[in-house]
Amino acid sequence: MSATRVLVLNSGSSSVKYQLLDMRDSSRLAVGLVERIGEETSRLRHTPLSGGGETREWTGPIADHEAALKAVSAELAKDGLGLDSPELAAIGHRVVHGGKHFTEPTVIDDAVLAEIERLIPVAPLHNPANLTGIRTARQLRPDLPQVAVFDTAFHTTMPESAARYAIDVETADRHRIRRYGFHGTSHAYVSRATARLLGKAPEDVNVIVLHLGNGASASAVRGGRCVDTSMGLTPLEGLVMGTRSGDMDPAVIFHLTRVGGMSIEEIDTLLNKKSGLIGLCGDNDMREIRRRIDEGDERAQLAFDIYIHRLKKYIGAYYAVLGTVDAVAFTAGVGENAAPVREAAMAGLEQLGLVVDAELNAVRADEPRLISPAGARVAVAVVPTDEELEIATQTYALVEENA
């Protein structure tokens, strides 16, 4: 294929994140963000990365996603990288929810769009925005292959014993209730990168991946295939997160309705936006929480302890699920940058072969690295995630395959 560039689009309800990559060497040519779409104060921030260009920022009204993508195209064109370039091979779209149907990257056609739309009830916050971005991009470049890469796809290899909830089967099937998992592109990328770090093939490695950002999830990956993950029907289940509660007795919802008089909408807002770290201590930035702990703040300390306790429970559970663990990999904003979180999560797990070297853990670097001491039975790693590269790689591979 002569065209080697892939534009990666991540369309939110009022934003579009984008990266343009050259798949000959996986280099980034440009990155950017359009935010506050639909407002008078919309902002576009564009950074060309080839040729040493400087960041350009523009503020003004951007009415909708079509206007946003046209503005992105105009910025790319200034650097000779426009959407009309013959070197553009495809556009890869991040789609949050693919349900059971989409197990791998998929070339988008009308039938694929209809299925993504059919999944809106299980992803009401994300799939509509993803669809808007796809439809707009198809209008701008109807001749170009467009590929959907699904957050849920990597987790579709889970056995039914892990994916199903213990509720009436007919009810679950009728309403598509099961564990789907999210952050799949990150878990896929990090599990493979961890295998490379160990000098092994993915199929020869069992990895526990800890994607710790404002949203957080864990996965158990056996031989390159996900066998369990912490997020469920929605991204609310699992670990303690920045604003989400994670695991909780479902009867709390009934209690808040019957005793607290709260509506379903109020409870939804509570559990998704006012819980987790921010609900426990008023902050969801781990740096600020650690600063407060250093100053003796007891609420911040308790929030941190709850966060770590839940994290350890999942590490232990996934160790049991896998039976043999070759590595534990920390990734995403907190996982890559918060050394105290990594240290605390591993503390007391020495009998499982999990040990962190304090000096290695304190090092900050952009490359994958081991933070366990030489000779450790289980490797502990920090592996920066790269979801955009993963989307571009999967997109380009599929387009080349179909060429």
Side-chain angles (χ1 to χ4, degrees), residues 2-23 27-96 105-110 112-114 116-117 120 125-150 387-389 391-392 394-396 398-399:
S2 58
T4 58
R5 295 175 184 169
V6 174
L7 178 65
V8 175
L9 294 178
N10 182 352
S11 300
S13 58
S14 61
S15 67
V16 175
K17 296 178 184 176
Y18 63 92
Q19 291 194 14
L20 181 66
L21 298 94
D22 189 328
M23 300 315 296
S27 61
R28 284 170 175 75
L29 304 177
V31 301
L33 168 67
V34 186
E35 55 188 343
R36 299 196 290 269
I37 295 172
E39 300 181 20
E40 291 295 313
T41 56
S42 305
R43 184 174 71 166
L44 189 158
R45 184 178 176 86
H46 174 87
T47 305
L49 299 176
S50 58
E54 294 184 358
T55 297
R56 301 190 293 269
E57 192 167 309
W58 180 90
T59 303
I62 296 178
D64 51 29
H65 281 69
E66 181 178 0
L69 283 185
K70 285 181 177 177
V72 169
S73 181
E75 288 301 319
L76 288 168
K78 292 176 183 177
D79 307 308
L81 305 169
L83 289 186
D84 58 351
S85 169
E87 295 184 63
L88 187 61
I91 298 177
H93 297 267
R94 177 190 181 229
V95 180
V96 167
T106 304
V107 175
I108 298 167
D109 57 20
D110 291 342
V112 170
L113 278 176
I116 295 172
E117 189 164 20
I120 285 176
L125 299 179
H126 298 98
N127 274 29
N130 300 155
L131 280 166
T132 299
I134 291 169
R135 287 177 173 136
T136 302
R138 290 182 86 203
Q139 289 171 5
L140 293 177
R141 281 299 307 267
D143 59 312
L144 199 67
Q146 315 241 353
V147 175
V149 178
F150 299 91
E387 294 174 89
E388 290 78 15
L389 176 57
I391 292 170
Q394 292 189 26
T395 296
Y396 189 67
L398 182 60
V399 171

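Basis for what follows: all heavy atoms, side chains included, without hydrogens, waters or symmetry-related copies.
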Atom of [X], atom of [Y] and distance for their closest heavy-atom approach:
{"X": "V6", "Y": "G92", "value": "CG1-N, 4.2 Å"}
{"X": "A129", "Y": "G12", "value": "CB-C, 3.2 Å"}
{"X": "L88", "Y": "L7", "value": "CD1-N, 3.8 Å"}
{"X": "L81", "Y": "A30", "value": "CD1-CB, 4.3 Å"}
{"X": "S42", "Y": "R36", "value": "OG-O, 2.7 Å"}
{"X": "Y18", "Y": "L33", "value": "CE2-N, 3.5 Å"}

Salt bridge K17-E387, side-chain N to carboxylate O under 4.0 Å: no

Within 6.0 angstrom of R45 CZ, more than 12 heavy atoms from elsewhere: no

Output yes when a side-chain donor or acceptor of [X] lies under 3.5 Å from a complementary backbone atom of [Y], and no otherwise.
{"X": "Q146", "Y": "A137", "value": "yes"}
{"X": "S14", "Y": "I37", "value": "no"}
{"X": "R28", "Y": "L49", "value": "no"}
{"X": "N130", "Y": "V96", "value": "yes"}
{"X": "D22", "Y": "S27", "value": "no"}

N10 and I391: CA distance, side-chain angles, deciding distance, side-chain contact (heavy atoms from CB on, under 4.5 Å) verdict: CA-CA 10 Å; N10 182 352; I391 292 170; over 6 Å; no

Interatomic distance, [X] atom [atom1] to [Y] atom [atom2] [nearest 0.5 angstrom]:
{"X": "R94", "Y": "E388", "atom1": "CZ", "atom2": "CD", "value": "9.0 Å"}
{"X": "T47", "Y": "L29", "atom1": "OG1", "atom2": "CG", "value": "13.0 Å"}
{"X": "I91", "Y": "I134", "atom1": "CD1", "atom2": "CD1", "value": "10.5 Å"}
{"X": "E35", "Y": "I62", "atom1": "CD", "atom2": "CD1", "value": "9.5 Å"}

Are [X] and [Y] side-chain neighbours, meaning at least one heavy-atom pair lies under 4.5 Å?
{"X": "R56", "Y": "P48", "result": "yes"}
{"X": "L144", "Y": "L83", "result": "no"}
{"X": "L69", "Y": "Q139", "result": "no"}
{"X": "L131", "Y": "E117", "result": "yes"}
{"X": "V107", "Y": "V112", "result": "no"}
{"X": "T395", "Y": "V8", "result": "no"}

Salt bridge (charged side-chain N to carboxylate O under 4.0 Å, His left out) partners of D110, counting only residues at least two apart: R138

Intermediate values then yes/no, side-chain contact (heavy atoms from CB on, under 4.5 Å), L140 and K70: CA-CA 8 Å; L140 293 177; K70 285 181 177 177; 3.8 Å; yes

side-chain contact (heavy atoms from CB on, under 4.5 Å) between Y396 and T4, worked out: CA-CA 8 Å; Y396 189 67; T4 58; 3.6 Å; yes

Criterion side-chain contact (heavy atoms from CB on, under 4.5 Å) on R141 and D143, from CA distance to verdict: CA-CA 5 Å; R141 281 299 307 267; D143 59 312; 2.7 Å; yes

Side chain to side chain contact (heavy atoms under 4.5 Å, CB included) partners for T132, two or more places apart: H65, T136

Any residue meeting side chain to side chain contact (heavy atoms under 4.5 Å, CB included) with S85, in chain and number order, not counting sequence neighbours: R5, E87

